[in-house]
Every structure is written in structure tokens, then in C-alpha cells.
J.: 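The structure follows.
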Amino acid sequence: MMQEGELGKTYSDGEVIFHEGDTAEVMYVIQSGKVRIAKKAASGNVTIATLQSGDIFGEMALFDRLPRSATVISEGDARVLSIDKKKLFATISRDPTLVFKILESMSQRIRRLNEELTKFKKSRLDVLTASMDVDGACNLILDEAKNLVHADNGSIMLFDENDKTLSIRAAFGVESGEKVKFCAGEGIAGDVIKTGNAELANNVMLDSRFKKGEMHIQSLLCVPLRYDVHDLGVMNMSITSDRLFTLDDLKLLNSLSVYAAMAIHNARNLSTLKSAAERVLMHATLLDV
Amino acid sequence: MMHSVSESADPDVLNDGAKIAVIGGGPSGSFFSIFALKMARMLGKELNVTIFEPKDFTKDGPGGCNRCGGIISELLVQTLAVEGINLPDSVVRKGINSYKLHTNEGSVFIATPHFEKTIATVYRGGGPKGMMAGEKESFDNFLLRQAVKEGAVHKPLRIDGITYRNKKPVPLSRNSEIMEADLVVGAFGVNSTAGTLIESMGFGYEEPLTVTTAIAELHMSEQVVAQYFGNSIHLFLLPDKGLKFAAMIPKGAYVTLCILGSEIHGRTVDDFLDKPVVKVVLPKSDPYKLECRCLPKMNVGAPKIAFSDRVVMCGDAGSTRLFKDGLGAAYLMGKAIAKTVVFHGVGRQHLKGSYKPVYRSILIDNYFGRVLYAVTDILRKNSVFTKGMLEVIQREQEGVAGHVVLSSILWDMFTGNERYRNIFPKALDVRMNLHLLKEIAKAMVKAA
């Protein structure tokens with residue numbers, strides 16, 4: 001129940017205050033309760049922040065005049081006071097120091113984002129450069145890929161320099177049961193390894209390069225795994241339903257491929273080093289006899 | 001903690017550790033203190049601000065009351081929120097989302113966009129007896145606490161003299177020197193006796209021109225107030241000579257009645273409450289009690305000289321907005337002085353260059369306000385004009401007019417949402433004026 005001394009407007013739990021992409025005419029100050037800041041992602045809305053009483057939100061769009069960069073949702077009952085853009089700017093023009101608090105709020109937000117980004121990068125690098133074998137690295141990379149891109153199936157195919165073929169080293173979904181090999185230039189995967197270009201095929205049946213298998217695929221992402229000048233393989237993600245991948249999905253997967261290639265390269269080097277060490281150890285043992 | 005702050009060679013610049021005496025702990029004094037301390041800290045300086053206020057704003061009844069209508073405009077509510085000063089529910093007596101305009105010719109309702117509660121009613125001091133029960137807090141006490149939180153020191157001393165030593169002002173209390181100040185800020189109102197202190201400093205300050213107003217507190221139950229007043233302030237524009245306007249402002253279980261005009265006297269409240277148009281607004285079966293009343297002064301002018309070296313006025317005893325938004329003016333002036341003394345200095349030349357333009361902007365704005373109130377006087381004194389005005393507002397509120405101008409003018413005038421100079425151009429709107437003339441003509445024909 002609205003109390004006598006309450007200012008602003010009350011939103012009920014789960015009620016959207018504004019959507020990502022909306023035009024912006026007001027900013028808000030939370031008078032009581034909390035709101036959740038969410039971004040659109042392939043897996044749905046992802047919460048990026050929770051704000052509480054006294055916090056300002058929605059101010060970015062007023063200053064950069066771009067659409068809302070996120071959706072804001074009431075978390076529990078939240079009461080917010082709207083600040084009209086025109087009146088705010090008129091007041092700022094008379095008293096520029098009014099922006100001190102807004103700048104402070106934005107500055108603190110940037111600091112928090114920088115800290116979180118640093119943690120994210122460190123965590124990601126730690127994971128991708130961890131000491132493990134090639135298959136383990138491939139499986140870990142796929143786990144990361146699944147977090148970034150929502151797909152029904154996925155695989156990592158590595159290129160064998162000896163017989164010039166791509167073969168699956170890690171997979172999830174239906175692909176996990178497939179025994180597939182491609183030559184360079186054969187199929188979409190083979191084409192990607194040959195050209196080095198990432199591919200988004202949203203109707204693979206119409207793509208003349210596609211090699212039809214037992215599995216029905218509607219949409220396919222395929223990105224090269226290259227480290228320095230070495231073609232290590234490709235990473236595939238596919239959808240069997242009517243849903244389609246987007247360019248953002250392709251960008252995300254392509255970004256991950258940089259770290260993935262690094263991890264696979266390190267894993268291979270580690271594997272080679274282990275083999276050499278074992279041979280040296282065995283030789284030393286024989287000499288002692 | 002030791003930190004490095006460069007000392008200015010200019011003797012009129014505030015250095016780290018400078019002492020400031022604020023005479024008066026009302027909103028203007030608190031606003032000044034809050035912003036001065038914040039801004040100085042941004043520059044790496046720590047100021048020693050002492051607020052002298054003998055009144056206890058936590059007490060209800062006459063001893064703690066600051067005798068004010070207690071409306072915080074939409075613009076000020078929003079501005080304070082942006083400043084990080086959010087009014088707690090314990091301070092806000094009622095969130096307001098509309099006005100109801102009453103005249104002898106009828107009434108009309110004017111609402112905020114989206115019915116959002118953007119205007120706050122508060123008690124400046126403790127309010128009438130019994131008001132401070134429970135978790136309630138006065139606005140003045142809330143602001144004073146914010147100032148103390150920022151680092152100000154509150155001393156409940158009455159300053160009854162100011163002298164000089166080494167060209168610096170020295171406040172006195174009961175003939176004892178309190179401190180040697182780098183700056184004295186006069187942050188009191190026209191109902192205070194402190195004005196004579198500043199006059200005696202001899203730099204030419206004179207207390208501003210005032211008029212008498214009438215304020216009364218009507219006590220009902222919260223349910224009755226909610227039923228009869230809702231979330232609206234009730235505004236009365238009546239044809240009575242000497243009665244510019246009146247407002248009934250809901251505050252929980254009380255309604256504050258404010259009457260402004262040129263002929264306010266001891267019987268004004270009683271006469272007003274006996275008017276039929278007023279009785280219609282008040283509950284019939286549920287009686288109300290006239291809890292208290294007073295006849296405070298209101299500033300309608302401004303001293304020609306409001307500052308000198310190391311002394312400056314920023315309360316009601318300086319300049320304030322005409323007839324409305326006194327709290328908005330307190331914020332504006334308090335912050336302007338804070339900016340001036342922190343970023344520039346405390347000398348007369350600094351205040352002249354940085355504070356005086358803001359001070360004068362209020363005075364100039366009030367000239368526009370006088371013209372606007374003169375127009376509303378014309379509209380309220382003649383029944384035909386009143387009918388025409390009501391018809392225009394009604395059509396605007398119903399959306400028939402296609403644009404909202406007269407409603408916006410009255411809203412901004414009485415809410416304090418806009419400066420008078422920004423309202424004035426709206427009053428020249430050709431389409432609105434033609435519409436008004438048309439409705440007045442219709443009313444004339446009907447009256448004939």
C-alpha cells in the first residue's frame with residue numbers, strides 16, 4: 001500500500017521500468033527498494049547489476065542520446081523518482097556543479113566495471129591457459145563456448161598435418177557421436193580451415209559446401225582456430241531447431257577462438273614436452289641398468 | 001591525516017582549515033554547509049563550519065516551528081535527488097501529484113504527468129503539538145543532520161552580536177566571543193531578530209521589505225485528510241481584495257492553511273474558513289480542530305546590499321522567490337554562496353563577481369512574478385474572467401484544447417516548478433489568449 005510520505009512511482013516485483021532499446025527521456029533515482037539491470041543475451045536476460053536506494057540509473061542515455069543500453073526491472077517493490085531530461089538540462093545549464101553527483105555515480109560504475117572486467121579476463125585466461133592435455137583443453141573450450149552461444153550441438157575439429165584432415169576431438173549434443181573427417185576445402189569446416197574465414201550459415205541445406213550427415217542442422221557457426229601462422233582446426237556450433245544464430249553470436253565465438261587457439265597450442269606444446277621428458281627419463285633408466 | 005594543500009597568498013581565499021560561522025540552521029544554512037564542505041573536499045581542503053541555531057527542530061509546537069507552508073516543489077525534489085539528497089519517508093508528510101484550484105465560480109483539477117508523486121509537503125520545524133510522535137522528522141532537522149554528516153558542527157547558541165578583529169568577523173553570544181571567523185554566513189529568515197546583527201556590522205545591509213501572512217494548522221484524522229484532500233494541494237483564488245491566494249496543504253493528519261495577501265490580520269483565518277467555497281472543501285460531519293495559527297512575515301523584497309568582505313546573506317533575509325518556493329531559493333542561494341567562497345573567495349569582489357549575479361537573478365525573476373500575479377489578480381477579481389479562466393483550464397485538462405498552456409502556467413506558478421521568467425513567455429501564447437478571450441466573451445454573454 002502506498003504510504004503518505006512516499007515520493008515517486010512504485011513498480012511491483014518483476015515490472016519493467018524501461019526496456020533495452022527504448023528511447024530515453026528521463027533518468028531515475030531509486031527512493032526505496034532495488035532494481036535489476038539486465039542485458040539481452042542468447043540465453044535470455046543476463047543481470048549485470050543490482051541497484052538500491054539512492055542510486056541513479058538511466059542517466060547514460062540522456063547524455064549520449066542513444067537508446068537504453070539495458071533493461072531495468074523492479075526487484076521486489078521498488079519506488080523510483082523520475083528526473084525530467086529537459087528540466088535537468090535546464091538546471092545544469094544554470095548550475096553545472098549539479099553534474100558532480102552524476103559524474104561521481106558514473107565514475108563509480110566505470111570503476112566497478114573495470115574491476116569486474118579485469119577479474120573476468122584473468123579468470124578466462126587462467127582457464128584457457130591451464131596445464132592440461134589437448135582433449136581436455138578442447139572440452140573446456142567447448143564448455144566456454146556453450147556459455148557464450150546457445151547451441152544444440154558443438155564440436156572442435158583439429159587439423160592433422162600428416163594426413164591433412166580435420167577430425168573431431170571434442171563435442172557435445174548429437175555431434176558427440178559422429179565420426180567425421182574432412183579434408184582441407186571439404187565441407188564448410190574444411191573451407192573455413194582453408195580460407196581462415198569464420199562462417200555463419202543460417203540455412204545450411206542451401207549451402208553447396210555443406211556435407212549432409214545423419215544429423216539435421218538448420219543453422220551453423222564455424223570459426224577457424226589459428227595460432228600465429230598455424231591452422232589448428234575449427235570450432236563448430238549448430239542449431240537443429242528453427243532458431244537462427246546472429247552476427248553477435250559469430251563475433252562472440254570468433255573472439256573466443258583467439259583464446260581457444262592459444263590454449264590448444266599450449267596443450268600441444270605441453271604434450272610434446274611431456275613425451276620428450278618421458279623418452280629422456282626412459283633412456284636414463286636404461287643407462288643405469 | 002596529513003595531506004598537502006597549497007596555501008593561497010590572497011588573504012580573501014579560504015585556505016585549508018578555514019573557519020566559517022553560519023548564523024541560522026534552517027535550509028539555507030544547511031544547504032550552504034553541505035555544499036561548501038563537499039566542494040572544499042573536492043579541492044583537498046577541510047573547512048571548519050559551525051552552524052549556530054538555538055532552535056530545536058525536533059520539538060513540536062511553537063518552540064520548534066519555522067512557520068512555513070512547507071512545500072518542496074517538483075523541481076527541488078528532483079534536484080535534491082540528483083544531488084544525492086533523497087527525502088526519506090519520515091520527512092515527507094504527503095506526496096503530492098495534483099492541485100485543485102477553487103474559485104467562487106467553480107473548481108478545476110490539475111494533475112502531474114502520469115500522476116507521479118513529485119511534490120513533497122513537509123514540516124519545516126516540529127510542526128503543531130503532537131506532530132513529532134512516531135518516526136516523523138522535520139525537514140529542517142533532516143537537512144541539519146545532513147550538514148553535520150558532511151562535517152559541520154551544530155552549536156545551539158544564539159548569536160547576539162558580531163564584532164571584528166584583524167579584519168575578521170567575531171560572532172558573540174551573551175557577550176562572549178565564540179570564534180574568529182574567516183566568513184560569516186547569515187542564513188536566517190525575516191522572522192528572526194538576527195537581521196539587526198548584520199545591520200549593526202555597518203556595511204549597508206537593511207532588512208528586506210515584508211508582508212504579513214497567515215498560517216494555521218487544521219487537525220483531522222489521517223483518514224479524513226486522505227478522503228477530503230487526497231494527494232492534492234487545494235488552491236484558492238478568490239475575489240477578495242487583499243487576498244492574493246490561499247492554499248490548503250495536506251500533511252498526514254493535518255492540513256496547513258496558508259493565506260497570502262496585503263491585508264492579513266488576526267481574523268483572516270476565521271474569515272477565510274467561513275467562506276462557502278472553503279467550507280465545501282472541508283469535512284462536514286467530521287469536525288476539524290484549529291490546532292494553532294500564526295502571522296509570520298514573508299520576504300517580498302531584498303536588501304540592496306547583501307554581502308561585504310567575509311560576510312554574506314543567504315537566507316530569507318537575503319533574497320527569495322516571491323510568494324513561493326522559498327526552499328528552492330534556499331537551495332539556490334546556499335549553493336551559490338558555497339561555490340563562490342570555495343572556488344573563488346570570501347572577499348567583496350569575489351561575492352560581487354560570482355554570488356551577486358545569482359542573487360540578482362532572483363530579484364529580476366520576481367519582477368516577472370509580480371506581473372504574473374497582477375494578471376492572476378485580474379482573473380480572480382472579476383467573476384466573468386474567472387469563469388473564462390476555469391473553462392480554458394477545464395478544456396485543457398480534458399484534452400479538448402489540444403495544448404496545455406494556462407494549466408501549465410498556473411501549475412508552474414504555484415508549484416515553484418519554473419522560474420517566473422520562464423513562465424512569462426507562456427502567458428503571451430497567442431492561441432491560449434485567444435481561447436481565453438473567447439471563453440470570457442461567452443461568459444459575458446451568459447451574464448448579460
J.: Should B:D89 and A:R79 count as side-chain neighbours, where that means a heavy-atom distance under 4.5 Å?
T.: yes
J.: Pick one of side chain, backbone, both or neither for B:V77, based on which atoms fall under 4.5 Å of a heavy atom in chain A.
T.: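 It is both, since atoms from each part get that close.
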J.: Where on B:K38 is there a heavy atom nearer than 4.5 Å to chain A: the side chain, the backbone, both, or neither?
T.: neither
J.: Should we say atom CG of A:D242 is surrounded by more than 12 heavy atoms from elsewhere, each under 6.0 Å from it?
T.: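 No, not enclosed.
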J.: Under 4.5 Å heavy-atom distance to chain B, tell me which part of A:L81 shows up: side chain, backbone, both or neither.
T.: both
J.: Considering only heavy atoms from C-beta outward, does the side chain of A:F100 approach that of B:M42 to under 4.5 Å?
T.: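 They are in side-chain contact.
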J.: Which bit of A:D95 comes within less than 4.5 Å of chain B, counting heavy atoms only: side chain, backbone, both or neither?
T.: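 When you check distances to chain B, atoms from both the backbone and side chain of A:D95 fall under 4.5 Å.
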J.: Taking CZ in B:F424 as the centre, count heavy atoms belonging to other residues, nucleotides or ligands within less than 6.0 Å. Is the count above 12?
T.: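 12 or below, so no.
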J.: Under 4.5 Å from any heavy atom of chain B, what part of A:T97 do you find: side chain, backbone, both or neither?
T.: both
J.: Heavy-atom count check: over 12 atoms from other residues, nucleotides or ligands less than 6.0 Å from A:K34 NZ?
T.: no
J.: Side chain, backbone, both or neither: which part of A:V80 has an atom under 4.5 Å from a heavy atom of chain B?
T.: backbone
J.: Could you grab the distance from atom CD of B:E83 to atom CD1 of A:I102, nearest 0.5 Å is fine?
T.: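 If we round to the nearest 0.5 Å, B:E83:CD and A:I102:CD1 are 9.0 Å apart.
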J.: Counting C-beta onward and ignoring hydrogens, is there a side-chain heavy-atom pair between B:V82 and A:L88 closer than 4.5 Å?
T.: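 A side-chain contact under 4.5 Å exists here.
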J.: Atom NZ in B:K117, atom NZ in A:K9: separation rounded to 0.5 Å?
T.: 13.0 Å
J.: Within the supplied structure, the quantity of interest is the number of heavy atoms (other residues, nucleotides, ligands) at a distance under 6.0 Å from B:Y367 OH; does it exceed 12?
T.: no
J.: Checking B:E217 now: which residues fulfil side chain to side chain donor-acceptor pair (under 3.5 Å) with it, not counting sequence neighbours?
T.: B:Y123, B:T256
J.: Check each atom of B:N417 against the heavy atoms of chain A and say whether the ones under 4.5 Å are side chain, backbone, both or neither.
T.: both
J.: Applying side chain to side chain donor-acceptor pair (under 3.5 Å), can you list everything that pairs with A:S82, at least two apart in sequence or on another chain?
T.: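 For A:S82, the residues satisfying side chain to side chain donor-acceptor pair (under 3.5 Å) (neighbours in sequence not counted) are B:E116.
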J.: Closest heavy-atom contact between B:G95 and A:L7?
T.: CA-CD2, 4.0 Å
J.: Would you indicate whether A:H19, at its atom NE2, is surrounded by more than 12 heavy atoms from other residues, nucleotides or ligands within a distance under 6.0 Å?
T.: no
J.: Around atom CE of A:M60, are there more than 12 heavy atoms from other residues, nucleotides or ligands closer than 6.0 Å?
T.: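 It does not: A:M60 CE has 12 such atoms or fewer within range.
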J.: Under 3.5 Å, is there a donor on one side chain and an acceptor on the other for A:Q31 and B:N86?
T.: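 B:N86 and A:Q31 do have a side-chain donor-acceptor pair below 3.5 Å.
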J.: Checking B:I119 against chain A: side chain, backbone, both or neither under 4.5 Å from a heavy atom?
T.: backbone
J.: Taking A:T91, A:I56, A:V29, A:L98 one by one, which has the highest count of heavy-atom pairs under 4.5 Å against chain B?
T.: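 Of the options given, most contacts go to A:L98.
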J.: Using a 6.0 Å cut-off, check whether atom CZ of A:R94 has over 12 heavy atoms from anything other than its own residue.
T.: yes
